[in-house]
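Right, one structure below, let's go through it.
All of these numbers come straight from a predicted model, not from anything done at the bench. Whatever order the structure lists them in is the order used to number ligands and atoms, beginning at 1. Side chains included, hydrogens not; waters and symmetry mates left out as well; all remaining heavy atoms used.
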Amino acid sequence: MKVSRENQITGIEKVVPTVCASHCGGSCLLKVHVKDGAITRIETDDGEEPQLRACWRGRAYRQRVYAPDRVRYPMRRTGSRGEGRFERISWSEALDTVASELKRVRGTYGPASIILSQMAGDIAFLNQFGPMPRLLNMTGGYTGVWGITSFGQGVSASLYTYGSLLTGNNRDDLMNSKLMILWGWNPACTICGTNTCWYLAQAREAGARIVAIDPKHTDTVATFADQWIPIRPGTDAAMIIAMAYVTIMEKLYDEDFLTTYTVGFDSFRDYVLGIEDGVPKTPSWAEEITGVPSRAIAELAREYATIKPAALMAGIAPGRTAYGEQYHRAAMTLAAMTGNIGIHGGDAAARAWESVFPGYPYPVDPMTEIFPGLVGAVLNPVEEGLGAADGFFREPQVHRANLADAILKGKSGGYFTDYKMLYIAHSNDVTQLPNINTLARALRSLEFVVVQEQFMTPTAKFADILLPVSTFMERNDVTYGVGTAFIGAMNRVIEPLWESKSPLEIATALAERMGIEGFLDREEPQILEDFVKRNNVPDYAAFREQGTYRYKLLEPYIAFQTEIENPLNNPFPTASGRIEIYSQQLADANKPGLPPIPKYIESWESVNDPVVKRYPLQLITTHFKRRTLSQFDSIPWLRELEEQAVMISKEDAHSRGINDGDMVRVFNDRGQMVIPASVTERIMPGVVDVPHGAWYEPDERGVDRGGCANVLVGNGISPSGGFAYNTGLVEVERL
Ligand SMILES: Nc1nc2c(c(=O)[nH]1)N[C@H]1C(S)=C(S)[C@@H](COP(=O)(O)OP(=O)(O)OC[C@H]3O[C@@H](n4cnc5c(=O)[nH]c(N)nc54)[C@H](O)[C@@H]3O)O[C@H]1N2
Ligand SMILES: Nc1nc2c(c(=O)[nH]1)N[C@H]1C(S)=C(S)[C@@H](COP(=O)(O)OP(=O)(O)OC[C@H]3O[C@@H](n4cnc5c(=O)[nH]c(N)nc54)[C@H](O)[C@@H]3O)O[C@H]1N2
Ligand SMILES: [Mo]
């Protein structure tokens with residue numbers, strides 16, 4: 001292994017702590033063994049409980065750092081876009097080209113014709129959402145993309161209902177629950193806070209009852225659940241509303257709680273009982289829609305209303321559907337009806353997955369710091385004077401799901417301008433965004449594309465200029481715990497490999513090229529130290545040495561505890577000061593698909609859509625154990641863990657003559673792929689799962705060979721701007 005010149009050859013192995021926070025919601029301690037400037041092996045936390053033990057991906061990070069398909073040098077495209085042929089150029093030439101293209105495009109078409117598309121990569125303070133917007137804002141602005149891929153519906157539902165995004169408890173509080181309902185939530189795979197499974201295991205040992213509602217019999221179901229209730233994707237709101245029906249009819253709800261803390265229960269009750277529309281939302285009504293036996297619905301309703309305290313852990317995947325807001329709002333309403341909000345062992349049922357939302361109120365709110373940019377937000381001149389912010393949208397931003405449409409149509413499609421240049425930073429759009437075949441076409445039509453990447457991903461192959469990015473092992477940063485209260489030191493373990501630079505270094509170098517004064521007001525080490533100190537970490541050197549600083553809490557942090565314990569002095573941050581089962585804000589907005597009380601609304605591409613004749617199977621596209629999104633997909637050790645395949649029930653497979661391991665074609669009008677079938681009883685009939693994140697790999701006929709779910713997923717947007725990755729229909733046939 002060739003390492004960079006700066007590394008000294010010492011022959012001595014040292015162990016450097018750092019924190020892996022790879023956008024999975026985990027932030028886990030790694031103890032990295034380094035010898036002669038190279039990583040030799042990686043261990044994890046074995047100290048005090050609760051340990052922050054890393055998963056398979058953190059433990060395999062050595063293979064990621066030294067992977068043969070890492071982007072090593074700045075490159076210029078020599079083939080056609082998407083083909084992946086490049087030649088090496090110098091940093092100086094790469095930066096000059098990017099800077100002059102930014103200037104040219106801005107000068108010729110205006111700053112709004114430059115789109116910046118970026119995502120998290122790692123959950124880190126310095127090298128995430130901040131640097132590029134700051135740079136572009138200081139040079140005239142750009143068009144931003146909006147739309148939260150993970151939990152847009154959950155976020156807006158939380159804001160409508162609670163007026164807050166700090167809706168999560170510390171995870172150790174799960175041990176106080178007597179009943180946990182894991183609703184579309186699979187932390188055994190998706191981590192969702194380093195120690196989630198550790199606490200689930202302890203709660204189970206202590207006798208808590210655990211019920212899981214999921215079309216798949218996941219590893220979480222297999223490991224923790226007493227009962228598995230499979231449900232048709234996109235129909236969860238109907239089941240929750242029928243649970244509310246039983247709770248009302250059997251007078252099991254907490255009247256005092258509703259009176260003291262909520263508004264609008266009466267309207268909801270009128271809808272549930274059918275007074276509003278003549279349709280009582282009985283368990284049999286819901287059975288028709290959800291496929292869940294009415295008895296199971298009624299029993300779960302009784303359990304949730306009577307076993308106290310109970311945590312309804314409302315996962316975000318059921319919300320990542322056409323009208324997912326309704327599922328989230330219904331879950332929060334049921335939590336209020338049973339008085340499970342703001343108490344130990346309960347849960348606000350807002351979103352079970354936090355991440356950028358930490359589940360703990362840190363002294364410095366990571367959300368407000370990371371998004372606008374660590375070095376102080378600079379407003380985007382392109383957005384100035386235009387329409388006010390509507391939720392997470394600001395004029396003239398483009399919805400991320402409409403990226404392709406905006407590029408292809410521009411002004412003629414009703415967009416703000418014609419788009420000419422795209423800068424992609426830590427985001428694998430040509431794999432992760434819906435309707436990839438169209439996006440690939442759109443990217444070919446642009447004048448200029450810049451991608452900063454660690455790997456030769458499908459997106460990187462579309463770059464005109466490709467900039468090599470370091471991994472977190474090669475730079476300093478800071479992260480924070482999700483569901484466990486601590487600040488994590490991401491320590492530079494080795495020197496940056498080859499010619500890679502951090503996202504902050506790239507933006508800084510571009511700023512220099514473009515003659516921007518004051519891009520950074522302090523040196524990087526100072527910015528990091530200031531941030532950590534503002535988080536009340538007493539000893540910065542010790543923090544870096546130990547890798548974490550843990551806050552000592554007397555009891556687990558609980559969202560809305562103060563509002564519940566002392567309502568007179570602590571109103572909820574909503575217009576009414578209460579939990580809004582009925583939202584006046586929604587009533588006033590009067591938007592289709594966003595009624596003021598939670599209702600069941602049937603998805604597009606549901607099982608009742610006429611298109612089921614051609615595409616009879618509901619598609620879900622789950623998050624995969626051995627990847628984080630599309631990251632780690634090419635890592636050999638992880639590839640051994642599981643194969644990319646379409647999961648299909650025995651019943652659906654047999655009626656199509658498909659055997660386990662057969663190559664099959666999965667298709668709809670948007671695209672097609674050829675992958676192996678995994679025939680199993682661990683998914684309900686009528687539903688198939690193509691885990692997303694496998695890299696897009698179209699053959700010469702446009703058939704995807706990589707198993708990239710997003711060739712099949714449509715770009716429909718939920719009413720509040722969420723993605724509908726789990727709404728869609730497909731057919732599967734044997735090759
Ligand atoms: N290993 C790993 N961990 C990750 C990630 C990763 O890619 N890999 N990604 C991270 C990120 S960015 C995010 S946003 C989170 C995502 O976290 P989640 O959204 O919770 O993860 P998913 O695997 O998509 O879905 C969780 C479960 O919901 C079920 N499900 C899907 N649709 C429905 C539905 O309509 N109703 C019901 N009841 N269940 C449904 C699926 O079968 C699955 O078992 O995970 C984070 N953690
Ligand atoms: N069908 C379907 N599609 C989905 C989803 C789904 O459920 N179904 N889930 C959606 C969700 S929840 C999310 S959050 C999005 C995520 O979408 P993305 O954020 O686009 O997905 P990643 O795979 O994390 O892509 C990050 C890319 O940045 C590169 N990179 C560049 N610089 C850095 C760096 O400094 N650090 C790191 N770590 N990486 C860097 C990585 O190599 C990687 O290729 O995907 C969405 N896509
Ligand atoms: Mo996500």
Using heavy atoms and a strict 4.0 Å limit, residues surrounding ligand 2 turn out to be H23, R64, M119, G121, D122, T149, S150, R320, H426, S427, N428, Q432, Q452, E453, Q454, T457, V469, R475, P503, T621, H623, T628, L629, S630, Q631, H692, N710, V713, Y725
Show the atoms of ligand 1 that are less than 4.0 angstrom away from any heavy atom in T218. 44 (O)
Atoms of ligand 1, numbered as shown, that sit under 4.0 Å from any heavy atom of D236: 34 (C), 35 (O), 36 (N), 37 (C), 38 (N)
Does any N/O atom on D214 come nearer than 3.5 Å to any N/O atom on ligand 1? yes
Take the angle between the ring planes of W183 and Y327 and call it parallel below 30°, perpendicular above 60°, tilted in between. tilted
Which atoms of ligand 1 have any heavy atom of C189 under 4.0 Å away? 1 (N), 2 (C), 3 (N)
Would you check whether G184 has a nitrogen or oxygen atom less than 3.5 angstrom from a nitrogen or oxygen atom of ligand 1? yes
Run the numbers for me: atoms of ligand 1, each under 4.0 Å from some heavy atom of P233, listed by number. 34 (C), 35 (O)
I'd like to know if R64 and D69 make a salt bridge, using a cut-off of under 4.0 Å between side-chain N and carboxylate O. no
Report yes if C192 has an N/O atom closer than 3.5 Å to an N/O atom of ligand 1; otherwise report no. no
Sub-6.0 Å ring centroid separation between F632 and Y61: yes
Compute both the distance and the angle, then confirm whether R351 meets the cation-pi test with F151: under 6.0 Å from the six-membered ring centre, within 45 degrees of the axis. yes
contact_flag G25 ligand 1 heavy-atom lt 4.0 Å: no
Salt bridge check: are E642 and R639 linked by an N-O gap of less than 4.0 Å? no
Does R626 come within less than 4.0 Å of D633, counting only side-chain N to carboxylate O? yes
With a 4.0 Å cut-off, would you call R682 and D219 a salt bridge? yes
Test your reading of the structure: does G234 have an N or O sitting under 3.5 Å from an N or O of ligand 1? yes
From the list T218, T196, T223, side-chain contact (heavy atoms from CB on, under 4.5 Å) with P187 holds only for T196
Which atoms of ligand 1 have any heavy atom of W183 under 4.0 Å away? 38 (N)
E288, CD: over 12 other non-hydrogen atoms inside 6.0 angstrom: no
Lys/Arg-Asp/Glu bridge criterion (N-O < 4.0 Å) met for E287, R232: no
Is P215 close enough to touch ligand 1? Criterion: a residue heavy atom under 4.0 Å from a ligand atom. yes
K625 heavy atoms within 4.0 Å reach ligand 1 at atoms 1 (N)
Between Q631 and R57, does the side chain to side chain donor-acceptor pair (under 3.5 Å) criterion hold? Intermediate values first, please. CA-CA 10 Å; Q631 298 180 56; R57 281 165 294 136; over 6 Å; no
Tell me whether R400 forms a cation-pi arrangement with F723, defined as NZ or CZ under 6.0 Å from the six-membered ring centre and within 45 degrees of its axis. no
